[in-house]
Amino acid sequence: MIAGFSILSLLLILLAGVGAGFVGYAVGASSLVSYPALLAFGIPPVLANASNTVGVVGTGIGGVMGAHRELKGQTLRVITYVAIGAIGGIIGAFLLLELDPKVFEFAAPALILFSSLIIAVNPRGRMQAKQAAVDAAAQLNHISAAEQATVTEPIAEQRKAEDRAAQLSIDQPVQPMNKDSWWVWIGVWAVAIYSGYFGAGAGTCALAVLDAAKIGPFHKINALKTLIGTGANITASVVFIVRGAVDWPAAIMLCIGCFIGGYIAPPITRRIPANIMRAAAVIAGIVLTVDLSLKTY
């Protein structure tokens with residue numbers, strides 16, 4: 001036994017973390033897997049949520065590190081979003097710890113159902129499809145221009161055109177911050193606070209807000225939304241740690257599992273239709289909502 005957990009239990013939490021990291025990469029809802037897994041091992045809801053926040057923080061850090069090209073030239077917005085996420089995470093964490101635990105127990109089913117519905121609506125998928133259409137049109141234009149420009153080296157020119165098309169979406173700028181609508185900032189703040197309080201589906205919510213505001217191309221706002229959640233998860237984790245609200249064996253094993261799951265997800269998810277993965281996440285969320293509701297109400 002380690003701090004009340006058997007070796008088998010810790011291995012199962014590690015496995016749940018792998019699943020959470022995988023689902024987090026695929027549909028942006030890692031907490032739909034990790035949070036109920038911690039509940040299943042008898043960890044109280046508030047303690048489970050705080051430990052879950054610490055456990056999934058590594059996923060966001062890795063995502064930000066991997067998106068340095070998308071974030072290039074956005075220093076002011078990067079700093080601003082991280083700051084908003086950090087402050088929102090503190091507020092959300094204090095709301096979780098200071099309110100009566102019954103409040104969270106009653107709110108959790110509704111929050112999980114909300115995140116499931118966001119996944120079902122799938123703003124991320126629609127934005128990816130829209131961005132793919134833009135990139136394809138740009139690639140065709142570049143190939144056409146290359147074919148007209150030279151007849152002596154058509155293959156080489158076509159490859160150059162394809163490379164330029166691949167870079168085109170990365171080179172597209174985001175709009176200046178002074179052109180953001182007032183409601184964007186309210187939405188970003190709300191997502192940051194929600195991330196610190198619970199967080200399931202927060203990334204998808206942030207993506208929907210930034211896309212609705214036409215901040216920039218998909219891959220860039222996808223990187224930006226990661227900043228909000230990362231800032232919130234880090235500061236919320238600090239609050240939870242200081243307040244002694246973390247079950248460390250569970251959080252550590254979950255963190256390791258999330259890293260593994262996020263690492264192995266890309267080559268696997270390429271072979272699985274997105275609709276199947278999204279449907280599985282939605283069904284799991286609905287089942288969990290019903291289960292928690294029966295236990296709570």
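Just so you know, these numbers use all the heavy atoms, side chains as well, and skip hydrogens, waters and symmetry mates.
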Can you give me the closest heavy-atom contact between [X] and [Y], atom names plus distance?
{"X": "Ala245", "Y": "Ala50", "answer": "O-CB, 3.1 Å"}
{"X": "Leu10", "Y": "Met253", "answer": "O-CE, 3.5 Å"}
{"X": "Phe5", "Y": "Ala250", "answer": "CZ-CB, 4.2 Å"}
{"X": "Ile228", "Y": "Ala206", "answer": "CD1-CB, 4.2 Å"}
{"X": "Gly229", "Y": "Ser195", "answer": "CA-OG, 4.3 Å"}

Among residues two or more places apart or on two chains, list those pairs meeting salt bridge (charged side-chain N to carboxylate O under 4.0 Å, His left out) that have a residue in [range].
{"range": "residues 32-52", "value": "none"}
{"range": "residues 36-55", "value": "none"}
{"range": "residues 4-21", "value": "none"}
{"range": "residues 173-189", "value": "Arg77-Asp180"}

Taking only distance into account, with no hydrogens and no angle test, what donor-acceptor pairs under 3.5 Å do side-chain atoms of residues 38-47 form with protein atoms, sequence neighbours excluded?
none

May I have the list of side-chain donor-acceptor pairs in residues 83-101 shorter than 3.5 Å, sequence neighbours left out?
| unit_1 | atom_1 | unit_2 | atom_2 | d |
| --- | --- | --- | --- | --- |
| Glu98 | OE2 | Arg243 | NH1 | 2.9 |
| Glu98 | OE2 | Arg243 | NH2 | 2.9 |
| Asp100 | OD1 | Lys102 | N | 2.8 |

With hydrophobic residues grouped by side-chain heavy-atom distances under 4.5 Å, do [X] and [Y] end up in a single group?
{"X": "Leu76", "Y": "Ile79", "result": "no"}
{"X": "Leu15", "Y": "Ile260", "result": "no"}
{"X": "Val238", "Y": "Ile241", "result": "no"}
{"X": "Phe240", "Y": "Val242", "result": "no"}

| Between Phe22 and Val33, is a side-chain contact (heavy atoms from CB on, under 4.5 Å) present by the stated rule, with each step listed? | CA-CA 10 Å; Phe22 187 93; Val33 177; over 6 Å; no
Under the side-chain hydrogen bond (donor to acceptor under 3.5 Å, both in side chains) rule, collect the residues that match up with [X], sequence neighbours excluded.
{"X": "Ser6", "result": "Ser9"}
{"X": "Tyr197", "result": "none"}
{"X": "Asn233", "result": "none"}

| task | State which residues pass side chain to side chain contact (heavy atoms under 4.5 Å, CB included) with Ala251; sequence neighbours excluded, sorted by chain then number. | result | Ser51, Val54, Val246
| task | Sequence neighbours left out, what passes side chain to side chain contact (heavy atoms under 4.5 Å, CB included) with Ser34? Give chain and number order. | result | Ala20, Ser31, Asn52, Val56, Leu254
| message | With rounding to the nearest 0.5 angstrom, report the CG to CG distance, Leu224 to Leu210. | response | 6.5 Å
| said: As an exercise, state the distance from OH of Tyr35 to OG1 of Thr53, rounded to the nearest 0.5 Å. | reply: 10.5 Å
